[in-house]
Student: 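Dumping the structure here so I can ask a few things about it.
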Amino acid sequence: MQIKTLISQEEIQERIKELARQIEKDYNSEEIVMIVILNGAAFFAMDLAKNITSSVLVDFMKISSYSGTQSTGNLKMKLDLSQDILDKNVLIVEDIVDTGRTLYYLKDYLLSKNPKSLKICTLLNKEERREFDISADYVAFDIPNKFVIGYGLDYDEKYRNLPYIAYVE
Ligand code: IMP
């Protein structure tokens, strides 16, 4: 398997600093509840949180989405929130928005808990692949339609710990 660097470690860390400044400014230094979508977003979210100087609470969710229509809803929750988000500024942190299915349903679920605000921050955005009407408020990098690995993103659970983002040739 040939691995080619798409975004270097330095580029990622620089962009995270920029995003952190932007987020602090947009939220007027108000407290944020970061909801980190496991497993992929963990690496990005922790680096982002460390660069935000205002108060950040961190919570985790683990979900998988169904492709078909399900009477029970379209999200399979493997780990739910551990705190109340009523009247909180919620920032969902995701690794990649691909078809948009996961975030489309997750957004609905979180909005039903009446947060003060709800925004999405994603490390990567693959606009070409979008099937659901969803867009992130903060995008670290727009990427072409390639399968990527590293910095949280996996291929068969492997490669998450690469400090850079790569694609497979
Ligand atoms: P969506 O629900 O189709 O937007 O898919 C989002 C999820 O698909 C992400 O959270 C990733 O886990 C996975 N995914 C999509 N594209 C890639 C990729 O290029 N590499 C690794 N995982 C991906």
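Just so you know, these numbers use all the heavy atoms, side chains as well, and skip hydrogens, waters and symmetry mates. Just so it is clear, the model here is predicted, and its values are computed rather than measured. Positions are given from 1 along the sequence. Ligands are counted one by one from 1 in listed order, and the atoms in each one are counted from 1 as well.
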Student: If we only count heavy atoms from C-beta on, is the Leu81 to Lys113 side-chain gap below 4.5 Å?
Tutor: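 Yes, their side chains come closer than 4.5 Å.
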Student: Could you list which atoms of ligand 1 come closer than 4.0 Å to a heavy atom of Thr102?
Tutor: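 Close to Thr102: 1 (P), 2 (O), 5 (O), 6 (C).
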Student: Any luck finding a side-chain donor-acceptor pair between Glu24 and Thr53 under 3.5 Å?
Tutor: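 Per modelled atom types, Glu24 and Thr53 side chains form a pair under 3.5 Å.
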Student: Looking at Asp154, which atoms of ligand 1 are within less than 4.0 Å of one of its heavy atoms?
Tutor: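 Within the 4.0 Å cut-off of Asp154, ligand 1 contributes 21 (C).
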Student: Under a 3.5 Å cutoff, is there a donor and acceptor pairing between the side chains of Asp47 and Tyr151?
Tutor: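 Yes - a donor-acceptor pair under 3.5 Å links their side chains.
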Student: Examine ligand 1 and decide if any of its atoms is less than 4.0 Å from a heavy atom belonging to Lys146.
Tutor: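 For ligand 1, residue contact (heavy atoms, under 4.0 Å) with Lys146 is present.
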Student: Could you tell me which atoms of ligand 1, counted from 1 in the order shown, lie closer than 4.0 angstrom to a heavy atom of Thr99?
Tutor: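 In order of number, 1 (P), 2 (O), 3 (O), 4 (O).
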Student: Identify whether the distance between the nearest side-chain nitrogen and carboxylate oxygen of Arg130 and Glu127 falls below 4.0 Å.
Tutor: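 Answer for the salt bridge query: yes.
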Student: Relative to Tyr105, does Lys76 satisfy both conditions: NZ or CZ under 6.0 angstrom from the six-membered ring centre, and within 45 degrees of the ring's axis?
Tutor: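 That pair does not qualify as a cation-pi contact.
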Student: Does ligand 1 have a heavy atom under 4.0 Å from the side chain of Lys126, from its backbone, from both, or from neither?
Tutor: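 Contact part for Lys126 vs ligand 1: side chain (C-beta onward).
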Student: Mark up the atoms of ligand 1 that fall under 4.0 Å of a heavy atom belonging to Glu94, in ascending order.
Tutor: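 Once the distances to Glu94 are compared, the set is 10 (O).
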Student: Should the pair Lys116-Asp87 be classified as a salt bridge under the 4.0 Å nitrogen-to-oxygen rule?
Tutor: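 Result for this pair is no, no salt bridge flagged.
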Student: Geometry only, no angles: is Val148 polar-contacting ligand 1 at N/O separations under 3.5 Å?
Tutor: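 Right, the criterion is met.
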Student: Just which atoms of ligand 1 are under 4.0 Å from any heavy atom in Asp95?
Tutor: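 That gives atoms 9 (C), 10 (O), 11 (C), 12 (O) of ligand 1.
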Student: For atom CZ of Phe60, decide whether the heavy atoms of other residues, nucleotides or ligands shown that lie under 6.0 angstrom number more than 12.
Tutor: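 Yes, the 6.0 Å shell around CZ holds more than 12 heavy atoms from other groups.
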Student: Within the 4.0 Å heavy-atom shell around Leu153, which atoms of ligand 1 are there?
Tutor: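 It comes down to these atoms of ligand 1: 20 (N), 21 (C), 22 (N).
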Student: Within the structure, is a non-hydrogen atom of Gly100 found at a distance of less than 4.0 Å from ligand 1?
Tutor: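 It does; at least one heavy atom falls under 4.0 Å.
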